[in-house]
Amino acid sequence: MITHVSESIDPDTKEKFGRLSYYLSAAKSFQTWEPFDISISSKEFQFDGQAAMFLAVNGPFTGGIRPFFPDTDIQDGKLDCLLIEEPSTSFIWDVLLNRLSDTSKEGQGYHYFQSSEISIKTAPQQLIDCDGERQHRTPSVVKCLQNQLLTLTGDVSF
């Protein structure tokens, strides 16, 4: 659904409203969503059924805000995953409540789990959006590789 939302944004609306245009597009997509068959397999979670969206992330931001994973740890070697079976007003309400309190990330129609490796199969095939890059499609295996990014810090002289 996020891929569909970002692809269906009207350029004029984006220019006028900026980031708000993503939320307007998302509200429109919630009204016209079409489920797809999905099979998710990991050590921690198994699912076979229909869904509207699946997120596997290693960071708190989705569309520039922290709506789904405000407490994610980018150094734990695990992906935070959210499977949304059917978007609804109650789902949006649950997300808002979870942001305001320390409650479970499980609810009716959605599932939260963490894993370092996930196998995803869908029917029909789905486009994968990786931080705006859309080069891959399902089926896919997604892995979180811990301690793979080396950074140097300190004073730099030129």
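Positions are given from 1 along the sequence.
- Looking at T122 and T138, their side chains do bring a donor and an acceptor atom within 3.5 Å of each other.
- A distance of 13.5 Å separates NZ of K143 from OG of S42, quoted to the nearest 0.5 Å.
- Here the CD atom belonging to E117 is positioned 10.0 Å from the CD atom belonging to E44, to the nearest 0.5 angstrom.
- Taken to the nearest 0.5 Å, the CG atom of D80 stands 4.5 Å off from the CD atom of Q114.
- With rounding to the nearest 0.5 Å, the separation of CZ in F113 from CG in L82 is 9.0 Å.
- In this structure the side chain of L55 never reaches within 4.5 angstrom of the side chain of C81, judged on heavy atoms.
- Looking at Q146, its side chain does come within 3.5 Å of a backbone N or O of Q75 through a donor-acceptor pair.
- When atom types are taken as modelled, the side chain of S115 and the backbone of I118 share no donor-acceptor pair closer than 3.5 angstrom.
- The heavy-atom pair separating L83 from A51 by the smallest distance is CD1-CB, 3.5 Å.
- Distance check: I38 CD1 to K121 NZ gives 12.0 Å after rounding to the nearest 0.5 Å.
- Taking the six-membered ring for Trp and thresholds of 30 and 60 degrees, H111 and F47 have ring planes inclined between 30 and 60 degrees apart.
- Listed here is the closest heavy atom pair of I120 and F54: CD1-CE2, 3.5 Å.
- In this structure, SG in C144 is found 4.0 Å from CG in N58, a value given to the nearest 0.5 Å.
- Remark: the backbone N or O of P124 is paired with a side-chain donor or acceptor of Q126 at under 3.5 angstrom.
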